[in-house]
Q: 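Structure below; questions to follow.
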Amino acid sequence: MIANGRNGNSLTSALPSTIRNEGQRPKRIRHRLLTMIVAASILAIGIVILAVWYQQDRPLREVEAELKSGRTADAMTKVGAYLKEHPQDVKALNLKARILVEIGRLPDAIGIFRRIGAVDVADLHAWAKAHLLREEWSAALPVLQQLLTLSPNDADGLHEITACLANLGQSNKALKSAERMSTLKGHEARAFVQLGTLHENLGNKKSAAEAWGHVLEFSPNATGLQIPASDFLTAYGSVLLDIGRLSEAIAVLSQSLALEETAEVRLRLGIAYHQTDELEKAVESWRRAVELSPKLRDARESLAEVALGNRRYDEARQWLEPLLSAPVLASSTTYLMQRICLANGDREGGRQWQTRTAELHQQEHLKTLVSRVVAESPDSIWARAIRAYRFAESGNWHEAEMLMSAVNAEATDEPFLRQLATAIRRRSTLPALDLLPVHHFQ
């Protein structure tokens, strides 16, 4: 008889284990088959979805390929056709914005990016580029910061944010980003070009020469830089000249001259030859500089100085004559005229030029003070106001407004600041720099 449940036994438990396993095996097989069927179904659905996505995304991949190849007209045509069917597709809209940047329709591109944001690093690059081309440094900065958060070692991003920070007067941060870029393999030369430029703009000529020396370690022929090799070599040779490394300066400037003859390299070579007592070579180089650039002040003044030293007063005056009608007259030019008049016995002419020299020297002294404030105290109210003035003077009202908005929050009742803020807001004539309270800069 079969035991009842009261004894805790059952039919199944009464069977041998081999018989029980035989009974459970079909269930396991059915479970495995069901699992395999479900997995196969999911895989099939995934393949279908992937195929549909691939087919739908293919036109956008073609647009991106056209854009990368520089065929912007074809890219715009294809993305326009795609957007007719998918007007809200974010990737397509961002591709359109990137194309708009390349063809120069910057406000339209910025409008799209502001409305929908960026999908990837390529979009952020394009967005930043649009602002940089418009010299909207304040607007470009947060975009570049976001880019570098996603891709910290993006060399182009570091290069662009360095330029951005420098234009906003944030020199220390600009130096740090350039130094960071200099640690990236394959990008050292470009980074050291920027580092040298930053130091040179800050008046640190020895540091500039050191940084630019590193450029030639990574690129001996100064190729593959963000500027032409001749321009770089002229700048490097000039700082070597300024810090007294004359033989090196002549070698580097001669290397630049071999690539391209410019008035600037001829001028700087003339100065180097003059300082090494090679006067004939100096005069020859300055004369050639004037032939290449007839209004080049430094070259004309140098030739006038030589003529004056040799008592050829008429010749000295002739070298300076074209400069006297220039829109901006330098005190160095009027001082030479003063000396020529006095050496030639023209006391009245000498007094007139002396008066003019004093006036110009005062204006130039103010400009020197202003530049010093911007370099030494970049975060001060006055430094920001001066940068705003310079942006407005160059027609970049957007950046001028951005800077003045920060100044106004902290400004005192200084008349110059109030007049400047009003002029920038109204896009009107700027107050004269003579109104700057110079006692703040002493």
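Numbers here are sequence positions counted from 1.
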Q: Would you kindly say whether Thr234 and Glu264 are connected by a side-chain donor-acceptor distance under 3.5 Å?
A: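 No, no side-chain donor-acceptor pair sits under 3.5 Å.
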Q: Treating Ser151 as the side-chain partner and Leu147 as the backbone partner, does any N or O pair qualify as donor plus acceptor under 3.5 Å?
A: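 The answer is no, because no donor-acceptor pair under 3.5 Å joins these two groups.
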Q: Is there a donor-acceptor pair under 3.5 Å between the side chain of Glu160 and the backbone N or O of Lys129?
A: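 Flag not set: sc Glu160 to bb Lys129 has no pair under 3.5 Å.
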Q: Determine, for Glu179 against Lys176, whether the closest basic-nitrogen to carboxylate-oxygen distance falls under 4.0 angstrom.
A: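 Looking at Lys176 together with Glu179, the answer is no, because their closest N to O distance does not fall below 4.0 Å.
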Q: Do Ile250 and Ser254 come within less than 4.5 Å of each other through their side chains, counting heavy atoms only?
A: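 A side-chain contact exists here, since the closest heavy-atom pair is under 4.5 Å.
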Q: Is the backbone of Thr368 close enough, under 3.5 Å, to the side chain of Ser371 for a donor and an acceptor to pair up by distance?
A: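 Between the backbone of Thr368 and the side chain of Ser371 there is no qualifying donor-acceptor contact (under 3.5 Å).
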Q: Please say whether more than 12 non-hydrogen atoms of neighbouring residues, nucleotides or ligands are located less than 6.0 Å from OH in Tyr335.
A: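 12 or below, so no.
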Q: Whether the side chain of Thr77 engages the backbone of Ala73 through a donor-acceptor N/O pair (distance < 3.5 Å, no angle test) should be reported.
A: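 Judged by distance alone, yes, a pair lies under 3.5 Å.
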Q: Please report the C-alpha distance between Ser332 and Glu301 in whole Å, then the side-chain angles of each, then the deciding distance to 0.1 Å, and finally whether the side-chain hydrogen bond (donor to acceptor under 3.5 Å, both in side chains) criterion is met.
A: CA-CA 8 Å; Ser332 55; Glu301 287 182 356; 2.8 Å; yes
Q: When you measure from the side chain of Asp298 to the backbone of Leu267, do you find a donor-acceptor pair of N or O atoms at a distance under 3.5 Å?
A: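 No, the answer is negative, given that no donor and acceptor are paired below the 3.5 Å cut-off.
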Q: Take atom NZ of Lys96 as the centre, draw a 6.0 Å sphere, and report whether it contains more than 12 heavy atoms from other residues, nucleotides or ligands.
A: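 No, NZ of Lys96 has 12 or fewer neighbouring heavy atoms, counting only those of other groups under 6.0 Å.
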Q: Heavy-atom count check: over 12 atoms from other residues, nucleotides or ligands less than 6.0 Å from Asn172 CG?
A: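 Open.
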Q: Hey, does Leu165 have a side-chain heavy atom less than 4.5 Å from the side chain of Trp137?
A: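 Answer no - side chains too far apart.
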Q: Does Thr183 use its side chain to pair, donor to acceptor, with the backbone of Arg180 at less than 3.5 Å?
A: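 Yes, Thr183 side chain to Arg180 backbone: donor-acceptor pair under 3.5 Å.
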Q: Restricting to non-hydrogen atoms, name the atom on Leu60 and the atom on Ala92 that form the minimum distance, rounded to 0.1 Å.
A: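 So the minimum-distance heavy-atom pair works out to CD2-CB, 3.7 Å.
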Q: Thinking salt bridges, do Arg300 and Glu321 make one under a 4.0 Å N-O criterion?
A: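 Glu321 and Arg300: not salt-bridged.
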Q: A side-chain contact here means heavy atoms from C-beta on lying under 4.5 Å apart; do Val239 and His199 qualify?
A: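 In short, these two side chains do not touch, never coming nearer than 4.5 Å.
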Q: Show your working on salt bridge (charged side-chain N to carboxylate O under 4.0 Å, His left out) between Arg287 and Glu284 and close with a plain yes or no.
A: CA-CA 5 Å; Arg287 285 178 178 273; Glu284 179 187 355; over 6 Å; no
Q: Does atom CZ of Arg347 have more than 12 heavy-atom neighbours, drawn from other residues, nucleotides or ligands, at distances under 6.0 Å?
A: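 Not buried by this count: 12 neighbours or fewer within 6.0 Å.
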Q: Distance check, rounded to the nearest 0.5 Å: Leu329 atom CG versus Met337 atom CE?
A: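 The CG atom of Leu329 sits 10.0 Å away from the CE atom of Met337.
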Q: Under the side chain to side chain donor-acceptor pair (under 3.5 Å) test against Arg356, which residue among Gln354, Gln352, Glu359 passes?
A: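 Option passing the side chain to side chain donor-acceptor pair (under 3.5 Å) with Arg356: Glu359.
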Q: Counting heavy atoms not belonging to Gln362, are there more than 12 under 6.0 Å from its CD?
A: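 Open: at most 12 neighbouring heavy atoms sit under 6.0 Å from CD of Gln362.
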Q: Give the C-alpha distance, both sets of side-chain angles, the deciding distance and a yes or no for salt bridge (charged side-chain N to carboxylate O under 4.0 Å, His left out) between Arg427 and Glu401.
A: CA-CA 10 Å; Arg427 307 286 201 270; Glu401 282 185 321; 2.9 Å; yes
Q: Can you measure from CD (Glu188) to CG (Leu195) and round to the nearest 0.5 angstrom?
A: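 Interatomic distance, Glu188 CD to Leu195 CG, rounded to 0.5 Å: 12.0 Å.
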Q: Any heavy-atom pair between the side chains of Arg387 and Pro378 that's under 4.5 Å?
A: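 Yes, at least one pair of side-chain atoms sits under 4.5 Å.
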Q: Measuring from atom OG of Ser238 to atom CG of Leu269, what distance do you get when rounded to the nearest 0.5 angstrom?
A: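 Answer for the OG-CG pair, Ser238 versus Leu269, is 9.0 Å.
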Q: Please tell me if the side chains of Gln275 and Leu241 come closer than 4.5 Å, counting only heavy atoms from C-beta onward.
A: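 In short, these two side chains touch, coming nearer than 4.5 Å.
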Q: Rounded to the nearest 0.5 Å, what separates atom OG in Ser256 from atom CZ in Arg266?
A: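 Between Ser256 OG and Arg266 CZ, I get 11.0 Å after rounding to 0.5 Å.
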Q: Where do Ala211 and Phe192 come nearest, in terms of heavy atoms and distance?
A: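 So the minimum-distance heavy-atom pair works out to O-CB, 3.4 Å.
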Q: As an exercise, state the distance from CG of Leu308 to CG of Leu320, rounded to the nearest 0.5 Å.
A: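 One gets 9.0 Å once the value is rounded to the nearest 0.5 Å.
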Q: Between Thr422 and Gln419, is there a side-chain heavy-atom distance shorter than 4.5 Å?
A: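 When only atoms from C-beta onward are counted, Thr422 and Gln419 do not touch, as no gap falls below 4.5 Å.
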Q: Would you say the side-chain atoms of Asp120 pair up with the backbone N or O of Ala122, donor to acceptor, closer than 3.5 Å?
A: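 Checking the backbone N and O of Ala122 against the side chain of Asp120, a donor-acceptor pair under 3.5 Å is found.
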Q: Charged N to carboxylate O under 4.0 angstrom, Arg134 versus Glu399?
A: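 No, Arg134 and Glu399 are not salt-bridged.
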Q: Could you check Arg190 against Asp156 for salt bridge (charged side-chain N to carboxylate O under 4.0 Å, His left out), going step by step and ending with a plain yes or no?
A: CA-CA 10 Å; Arg190 283 201 309 155; Asp156 289 335; 3.1 Å; yes
Q: Can you tell me if Ser331 and Glu364 form a side-chain donor-acceptor pair at under 3.5 Å?
A: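 Judged by distance alone, the side chains do pair up.
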Q: Is there a side-chain contact between Leu100 and Leu106, using heavy atoms and a 4.5 Å cut-off?
A: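 Heavy-atom side-chain distance check fails, nothing below 4.5 Å.
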Q: Report the relative orientation of the aromatic rings in Phe416 and Tyr389; use parallel for angles under 30°, tilted for 30 to 60°, perpendicular for over 60°.
A: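 The arrangement is parallel - the two ring planes meet at less than 30°.
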Q: Judged by atom type as modelled, is there a donor-acceptor pair below 3.5 Å linking the side chain of Ser69 to the main-chain atoms of Glu66?
A: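 Flag not set: sc Ser69 to bb Glu66 has no pair under 3.5 Å.
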Q: Mark yes when over 12 heavy atoms from residues, nucleotides or ligands other than Glu348 sit less than 6.0 Å from its CD; otherwise mark no.
A: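 Atom CD in Glu348 is crowded, with more than 12 foreign heavy atoms closer than 6.0 Å.
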Q: side-chain contact (heavy atoms from CB on, under 4.5 Å) for Thr262 and Ser230? Distances and angles first, verdict last.
A: CA-CA 9 Å; Thr262 65; Ser230 58; 5.7 Å; no
Q: Counting heavy atoms not belonging to Gln88, are there more than 12 under 6.0 Å from its CD?
A: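 Atom CD in Gln88 is not crowded, with 12 or fewer foreign heavy atoms closer than 6.0 Å.
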Q: Could you go through the side-chain contact (heavy atoms from CB on, under 4.5 Å) check for Val143 and Phe113 one step at a time?
A: CA-CA 10 Å; Val143 179; Phe113 283 129; over 6 Å; no
Q: Would Asp123 and Lys91 pass as an ion pair if we require N to O under 4.0 Å?
A: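 Between Lys91 and Asp123 there is no salt bridge, as every charged N stays at least 4.0 Å from the carboxylate O atoms.
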Q: When you measure from the side chain of Thr276 to the backbone of Tyr273, do you find a donor-acceptor pair of N or O atoms at a distance under 3.5 Å?
A: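 Between the backbone of Tyr273 and the side chain of Thr276 there is a qualifying donor-acceptor contact (under 3.5 Å).
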Q: Using a 4.5 Å cut-off on heavy atoms from C-beta on, say whether the side chain of Ile340 contacts that of Trp353.
A: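 No, every pair of side-chain atoms sits at 4.5 Å or beyond.
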Q: For the pair Arg98 (side chain) and Ala126 (backbone), establish whether a donor and an acceptor sit closer than 3.5 Å, ignoring hydrogens and angles.
A: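 No: the side chain of Arg98 does not pair with the backbone of Ala126.
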Q: Under the criterion side-chain contact (heavy atoms from CB on, under 4.5 Å), I'd like the reasoning laid out for Glu200 against Lys205: C-alpha separation, chi angles, the key distance, then a yes or no.
A: CA-CA 5 Å; Glu200 206 273 337; Lys205 293 187 180 293; 3.2 Å; yes
Q: Is the number of heavy atoms from other residues, nucleotides or ligands under 6.0 Å of His361 NE2 greater than 12?
A: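 No.
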Q: Can Leu417 and Trp382 be said to form a side-chain contact (heavy atoms from CB on, under 4.5 Å), step by step?
A: CA-CA 9 Å; Leu417 293 178; Trp382 291 106; 3.7 Å; yes
Q: Regarding Glu217 and His214, is there a side-chain donor-to-acceptor distance under 3.5 Å anywhere?
A: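 Yes - a donor-acceptor pair under 3.5 Å links their side chains.
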